[in-house]
Amino acid sequence: MSVYASPEEYGLADLLCCAASHEVLDNEIVFAGTGLPMVAIMLAQQTHAPNLKLIFEAGTLDGRPPEIPTSVGDARCEMGASRSSGLYDAFSIAQRGYVDLGFLGGAEVDRYGNVNTTCIGDYLNPELRLTGSGGNPDINSFASRTVFIMVHEKRRFVENVSYITSPGWRVKKWPGGEFVHRRELYGAAYRGGPSAIISTLGVFRFDEQDGHMYLDTCHPGATPDAIKTQCQFDLDISRVKGETPPPTTDELRLVHELLDPDEIFIPKTKKS
Amino acid sequence: MSVYASPEEYGLADLLCCAASHEVLDNEIVFAGTGLPMVAIMLAQQTHAPNLKLIFEAGTLDGRPPEIPTSVGDARCEMGASRSSGLYDAFSIAQRGYVDLGFLGGAEVDRYGNVNTTCIGDYLNPELRLTGSGGNPDINSFASRTVFIMVHEKRRFVENVSYITSPGWRVKKWPGGEFVHRRELYGAAYRGGPSAIISTLGVFRFDEQDGHMYLDTCHPGATPDAIKTQCQFDLDISRVKGETPPPTTDELRLVHELLDPDEIFIPKTKKS
Amino acid sequence: MSNSKRITLQQAAEIIKDGSSLTFSGFTIWRRPMAIVYELIRQSRRGLHLIEVQGGSETEFLVGAGCVDIWESCWVGHELYGKYGANLSRKVAEKKIVVEDYSHAEMLFRFAAAASGAPYAITQTSLGTDIHNPEYDMLGRAGLRDGTRIAKHKYQFTEDPFYGAGSLVLVPAAKVDIAVLCVQQVGEEGTVRVNGQYYSDPEIARAADITIVMAEEIVPEEYLRRNADQNTIATFEVDHILECPFGAHPTGMFGKYDVDGAFLKEFYTNTRTQEGYDAFAKEWIHGLDHISYLEKLGWPRMLELRANTAMNYSPREKKGGN
Amino acid sequence: MSNSKRITLQQAAEIIKDGSSLTFSGFTIWRRPMAIVYELIRQSRRGLHLIEVQGGSETEFLVGAGCVDIWESCWVGHELYGKYGANLSRKVAEKKIVVEDYSHAEMLFRFAAAASGAPYAITQTSLGTDIHNPEYDMLGRAGLRDGTRIAKHKYQFTEDPFYGAGSLVLVPAAKVDIAVLCVQQVGEEGTVRVNGQYYSDPEIARAADITIVMAEEIVPEEYLRRNADQNTIATFEVDHILECPFGAHPTGMFGKYDVDGAFLKEFYTNTRTQEGYDAFAKEWIHGLDHISYLEKLGWPRMLELRANTAMNYSPREKKGGN
């Protein structure tokens with residue numbers, strides 16, 4: 001029987017990690033990025049999705065690392081894996097359509113789920129050059145569903161992202177750059193799109209038909225109206241289901257005792 | 001000091017094998033097909049080209065088989081090789097331009113060095129379906145030079161081959177099918193073409209400019225005029241250099257004692 | 001694991017339906033899934049569409065038995081034990097089979113494209129040959145190019161817009177229903193370790209919609225996972241597994257047994273006619289199962305073929321098949 | 001072998017000329033050829049064009065030192081030890097570097113195309129993103145797209161003619177002068193065995209015109225040839241080899257040593273400004289050679305990073321780099 005933790009027993013990172021973990025279904029093939037997503041997926045593997053299969057972008061197929069890797073290139077990825085290969089295999093498998101779910105991050109997002117990890121400001125005269133796309137657009141292009149984990153600030157939930165690094169539900173059709181539904185561009189590669197944004201305030205989903213983001217659940221302490229004010233675009237709050245479930249005590253124990261005891265990605269904010 | 005064997009000491013297969021071996025230069029990367037070509041290349045490796053590097057189509061890179069493989073898929077290919085991989089690697093390496101020389105066979109050849117291994121007669125109503133292209137056109141397309149070893153009969157040295165399986169110096173430009181110089185079609189992949197046909201009667205080469213075959217040397221016992229009558233097309237015999245050098249006693253010893261002692265590909269026709 | 005991937009030899013053949021498109025592991029006369037090929041023949045499978053990087057003995061057995069309607073590939077034969085495919089040749093003459101010819105590299109790149117989810121591959125091989133003769137598009141002539149599983153075109157030509165590399169040929173991805181592999185080891189969850197040359201096994205396993213792996217041995221998954229960088233194919237690319245020792249006979253298996261050259265030579269020599277094929281099949285396929293087939297082959301023959309562990313092939317097998 | 005491929009660290013750096021295009025083995029902060037990167041900085045190499053599947057610490061070191069004019073890739077940072085490339089970011093803001101952005105898969109497929117001799121790759125990734133914004137073709141804006149080593153176009157769009165798969169993006173092959181690899185083992189003749197994930201090493205080695213392999217150890221060629229199916233790159237794809245233990249530090253090497261997170265964190269924290277970079281380089285690069293660098297790092301630090309043989313990583317290294 002799962003028992004929800006009380007508010008003083010968990011921190012925001014715990015909440016995000018567990019919410020992300022709940023996005024995984026059993027038997028799915030999941031493309032795991034570095035950091036909190038990796039912990040979330042390994043948590044799902046330890047709880048409700050024991051048969052999920054992990055792919056690490058750098059080349060690990062069906063990985064079962066005995067301890068959390070510090071990045072997808074880490075030597076820890078390979079131990080216990082079905083196959084250790086390279087990026088050609090990882091991306092070929094993704095493009096071939098094997099991947100059910102990808103976990104990603106972003107600096108900015110718009111109402112269609114277009115995500116930016118490239119630069120802030122005009123690309124030709126940027127205020128700040130960020131880390132770049134990495135595999136963000138690739139995993140997102142090819143997976144059936146992608147989940148983004150993001151810090152929620154009004155400057156990040158924007159009307160127009162500075163640069164569309166990773167494709168949402170409505171994307172730019174080149175050379176003109178007009179927005180069209182993702183389905184129109186992707187052809188045989190169309191398998192879905194961003195299925196959830198898990199921010200530090202709530203969980204957001206998308207209407208597949210019109211491609212618009214809506215608020216699904218609010219994290220404890222946040223209200224739909226308060227969240228709406230933290231978006232530059234007009235957030236749809238008409239479909240809110242309620243509150244994001246808090247972590248269970250079992251989940252917290254797994255995260256802090258088994259998966260990330262060294263607090264590499266998830267701090268033990270509440271000392272018990 | 002190399003001593004030529006006397007006529008009673010060698011057979012036709014020995015002559016072809018040694019003539020083929022002489023086509024290899026040291027340090028070359030050679031794509032080796034099954035059979036007599038494999039013996040010829042391994043003979044070159046044992047004599048004047050110790051640093052040649054063998055590639056077997058099935059995936060062996062820089063192979064040094066301790067005994068002659070029965071085919072390029074053979075378990076014997078892998079032993080002592082630099083790398084054992086697969087066809088994707090072998091053909092990628094070829095297309096990338098690593099291959100200096102390929103050795104091939106054929107059922108029919110025309111004056112341009114176009115070779116047929118696919119069918120005899122009209123392709124749509126064939127008299128005889130042959131084994132098919134295999135890697136013949138691929139190795140020939142990508143290598144700087146290719147050498148063909150063939151039985152010489154008038155029905156094989158033809159005006160028009162039944163089917164161009166492997167490209168010569170003048171090839172068909174589709175969709176029209178008119179003959180153009182290979183250079184016109186191959187663009188960046190143009191690195192050369194068939195450099196020699198070693199038949200059971202003589203050695204033939206090509207004028208790179210006009211793409212026509214000419215007789216280079218006659219095997220012992222054959223004359224230019226006699227060879228000309230064994231071609232359906234008008235063979236250029238104006239450039240004959242003389243007689244094909246016979247095997248040396250050292251070469252014969254290597255072939256029959258070291259490389260093919262079981263007479264898998266080269267019979268010991270002359271018992272000594 | 002609760003979701004076992006294990007099936008029987010008979011079930012493996014039953015997964016392959018009449019009309020399926022099909023491809024195989026191995027190379028010409030090495031690591032072909034012959035035990036499943038025999039079972040398909042016993043089950044009288046019909047209308048198969050073989051799409052092979054290159055054919056070999058498995059092709060000749062299936063074609064001779066009348067299982068195959070379409071053969072899309074580049075080569076068939078038994079290497080030095082039979083220099084061409086006599087059964088295919090007979091069926092071609094009788095117009096009982098549609099043959100679509102590509103080059104070897106084209107077939108390989110077609111599978112590599114499919115394996116990486118690309119609709120086609122670009123290459124510069126075989127330009128100017130009759131492989132690209134528009135008159136010789138046999139699937140087109142047969143009216144089968146509907147653009148679903150069989151591409152709308154046999155090939156297309158284009159020019160390189162980036163570096164001026166010249167003419168390119170585009171060849172469609174090889175879309176195939178089922179890949180049947182025959183390998184040395186598979187783990188309980190489907191991890192495959194191939195020893196020696198892996199030919200085009202990784203590409204065909206990933207390209208096919210369903211992948212069946214028949215192995216000399218099913219080993220504990222954990223054993224293979226100890227050295228993940230020595231494995232060839234990952235679990236999730238494999239749908240079904242079965243153990244079938246000597247399942248590649250009469251073709252060879254690196255590290256396990258050599259090609260049975262005498263067997264192939266006998267097949268080649270005796271199956272030039274349909275009557276010859278039928279007699280051969282009656283003796284060696286029908287009425288037998290895998291164990292009775294091995295018993296019929298007998299211990300001395302199989303011990304001769306057995307590979308030496310240090311060499312990965314048999315030092316005792318008289319090559320040339322005499 | 002008479003034609004030895006052995007060179008020294010200094011010679012390896014000298015092969016890379018001002019203006020060369022260059023790529024590296026490894027992944028972000030793993031198996032980067034740092035000892036050669038340091039030597040390039042010591043030799044004040046200028047005008048480099050880095051074409052990387054993805055960047056990492058090696059990028060930041062070279063960019064900070066002013067060696068790089070063009071960076072063509074998709075990502076730079078130090079993973080959890082430095083979340084973005086502060087030196088690159090500074091040079092971008094100062095317009096001292098041309099950055100050409102592709103996606104990670106696009107970069108990988110570009111190298112795979114080059115490695116297989118194809119002028120471009122086709123894919124369906126990143127459609128609809130600003131990666132394909134025609135305004136953001138930075139090499140085009142800089143007037144560098146002459147179609148020789150730099151393609152005439154950043155990308156092209158087409159439609160699939162075979163199966164109606166829809167829009168495709170064509171990305172040009174990555175033509176690169178020199179690939180510099182850092183691996184566990186190389187044989188005397190150039191055979192490479194990579195342990196663990198091989199990332200994009202096979203593709204870059206084959207794509208480059210010149211391939212330099214720096215290894216933890218040069219081993220007898222015959223040792224690697226005993227198990228050819230465990231090797232990663234063949235002799236003829238490798239032009240020069242050198243032995244340089246701990247040559248990847250501060251990046252990590254599977255089976256040998258972990259990433260030196262503290263070192264990278266210090267680099268990241270202190271090199272946000274050019275002055276900070278220069279001070280760091282003065283302390284850790286200039287005036288040192290590889291041995292004095294190791295001596296400066298000291299035994300306790302390196303023993304901490306040392307991988308456990310059974311695990312292939314260090315159980316002692318405190319992750320997070322604190």
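Quick note on labels: first sequence line is chain A, next is B, and so on, each numbered from 1. Computed from a predicted structure; not experimentally measured.
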Test log, rule side chain to side chain contact (heavy atoms under 4.5 Å, CB included), inputs L87(B) and F111(C):
CA-CA 11 Å; L87(B) 281 82; F111(C) 274 96; over 6 Å; no
Bottom line for T117(B): the part with an atom under 4.5 Å from chain C's heavy atoms is neither
For the residue pair Q54(C) and E57(B), establish whether any side-chain heavy-atom pair is separated by less than 4.5 Å.
no
So which atom in I131(C) and which in P137(B) form the shortest heavy-atom distance, rounded to 0.1 Å?
CD1-CG, 3.9 Å
Give, for atom CG of D258(C) and atom CG of D74(B), the distance between the pair rounded to the nearest 0.5 Å.
6.5 Å
Which bit of N133(C) is near chain B, if near means a heavy-atom gap under 4.5 Å: side chain, backbone, both or neither?
both
Cut-off 4.5 Å, heavy atoms of chain C, and the answer for S85(B) is both
Assess the pair Y136(C) and Y163(B): is the distance between their ring centroids shorter than 6.0 Å?
yes
With rounding to the nearest 0.5 Å, note down the distance linking NE2 in H132(C) to CD1 in I164(B).
12.0 Å
Largest heavy-atom contact set with chain B, pairs under 4.5 Å, which of V92(C), D101(C), T28(C)
D101(C)
Is any side-chain heavy atom of L127(C) closer than 4.5 Å to a side-chain heavy atom of P167(B)?
no
Which atom pair, heavy atoms only, marks the closest approach of Y84(C) to R129(B)?
CD1-O, 3.4 Å
Using the side-chain hydrogen bond (donor to acceptor under 3.5 Å, both in side chains) rule, take Q95(B) and T123(C) through it: C-alpha gap first, then chi angles, then the decisive distance, then the call.
CA-CA 8 Å; Q95(B) 188 165 254; T123(C) 167; 2.7 Å; yes
Interface moiety of R170(B) toward chain C, non-hydrogen atoms closer than 4.5 Å
neither
Quick one: do D89(B) and Y198(C) satisfy side chain to side chain contact (heavy atoms under 4.5 Å, CB included)? Show the steps, please.
CA-CA 10 Å; D89(B) 281 83; Y198(C) 51 71; 3.3 Å; yes
Just checking heavy atoms, which of residues 189-197 of chain B are less than 4.5 Å from chain C?
A189(B)
Would you name the heavy atoms of H104(C) and S133(B) that are closest together and state the gap between them?
N-OG, 4.0 Å
Considering only heavy atoms, which portion of S141(B) lies under 4.5 Å from any heavy atom of chain C: side chain, backbone, both, or neither?
side chain
Heavy-atom side-chain contact between L128(B) and S89(C) under 4.5 Å
yes
Without swapping roles, check the side chain of T131(B) against the backbone of W75(C) for a donor-acceptor pair under 3.5 Å.
no
Pairwise side-chain contact, L80(C) with S71(B), heavy-atom cut-off 4.5 Å (strictly under)
no
Do the side chains of Y313(C) and M79(B) get nearer than 4.5 Å, heavy atoms only?
yes
Which bit of K95(C) comes within less than 4.5 Å of chain B, counting heavy atoms only: side chain, backbone, both or neither?
side chain
Just how far is it from atom CG of D130(C) to atom NZ of K172(B), taken to the nearest 0.5 Å?
4.0 Å
What are the two closest non-hydrogen atoms of E203(C) and Y88(B), and how far apart are they?
OE2-CB, 3.3 Å
Okay, V180(B) and chain C: the region with an atom under 4.5 Å from a heavy atom over there is neither
I'd like to check Y186(B) versus S167(C) (side-chain heavy atoms, cut-off strictly below 4.5 Å). Are they in contact?
no
Could you tell me which non-hydrogen atom of A105(C) sits nearest to which non-hydrogen atom of D138(B), and how far apart they are?
N-OD2, 2.8 Å
Could you tell me whether the side chain of Y123(B) reaches within less than 4.5 Å of the side chain of M138(C), counting heavy atoms only?
yes
For the residue pair T60(B) / Q197(C), report whether a side-chain donor-acceptor contact shorter than 3.5 Å exists.
yes
Where do G73(B) and F27(C) come nearest, in terms of heavy atoms and distance?
CA-CD2, 3.8 Å
Does any heavy atom of chain C fall under 4.5 Å from the side chain of C119(B), the backbone, both, or neither of them?
neither
